[in-house]
Amino acid sequence: MNIIQVANYEEMSKHAAQYIIEKVRANPYIKLGLATGSTPKRTYQELVKDHRENGTTYQHVQTINLDEYIGLPKTDPNSYHYFMRRHLFDHLDIPSEQIHMPSGTADDLLKECVRYEQLIKEIGGVDLQLLGIGQNGHIGFNEPGTSFKSRTHIVSLAESTRIANSTFFPSLEEVPTRAITVGISTILDSREILLLASGSAKAHALKRLITEGIHEEFPASALKLHSHVTIIADAEALKFV
Ligand code: GLP
């Protein structure tokens, strides 16, 4: 794992955006795996700014998002569909048919898992997967204990994850209890992975990721099984390393 330490959230975002922009320019047909959460928000703003100012085009790019809450329609402001449109897709020139996200409202959720996994294969897999990290080490919504062999699946969210994510909801009760997420094995199939982390809330998770072993109780440790992982993290997130 290649670790790049930066000063703060702003620098992490600029650095990450530049990293992604260079990949998009080098390969206009790139398949980008995308994440939600507070971590990549500013990175997305930078991508939008660059698209406006420098004309980097996403006309041929395909995006594959990691996860979605079960039960929230695409129009719900807390759905990841809504988040992605608001922070990124509505501001780029990417055709909507090239945007892929798992549906949290499909009638048959198991079929939806199979469809999503198949789709990733059909489009040729993810070239660059952007990841955040949960305080408990989750990646996507793969909570501690998830098999490293997992493919797209339905998960029950850890209480700590629901609490961490409740800041976006009116109350904790309204945070969904389940989600659909690509699996750890699906993530590891990506040709390259870029993990971002900022702030002291992530410091324990980063210490564990960087200094401890590989274990299913700590999902992000699976990344050590991958040969091309870059971490961009700020000083606060790396303070225990
Ligand atoms: C969320 C998402 C993850 C994200 C992580 C960290 O629950 N499912 O994809 O990386 O938790 O979120 P944040 O960036 O808001 O700290």
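Ligands are counted one by one from 1 in listed order, and the atoms in each one are counted from 1 as well. These figures come from a predicted structure and were not determined experimentally.
The immediate protein surroundings of ligand 1, defined as residues with any heavy atom under 4.0 Å of it, consist of Thr36, Gly37, Ser38, Thr39, Asp67, Tyr80, Gly132, Ile133, His138, Gly140, Phe141, Asn165, Lys202.
Legend: ring-ring contact (aromatic ring centres under 6.0 Å, His included) pairs involving residues 26-66, not counting sequence neighbours, sorted by first then second residue: Tyr29-His60. Sorted by first and then second residue, the pairs that involve residues 156-167 and meet salt bridge (charged side-chain N to carboxylate O under 4.0 Å, His left out), not counting sequence neighbours, are Glu159-Arg162. Contacts classified as salt bridge (charged side-chain N to carboxylate O under 4.0 Å, His left out) and involving residues 112-138 (residues at least two apart or in different chains) are given here: Glu112-Arg115, Glu117-Arg151, Asp127-Arg191.
Ring pair Phe169/Tyr69 is perpendicular by interplanar angle, where above 60° counts as perpendicular and below 30° as parallel. The aromatic rings of Phe83 and Tyr80 sit perpendicular to each other, their planes meeting at more than 60°, with 30° as the lower class boundary.
A donor and an acceptor atom, one from each side chain of Glu192 and Tyr19, are located under 3.5 Å apart.
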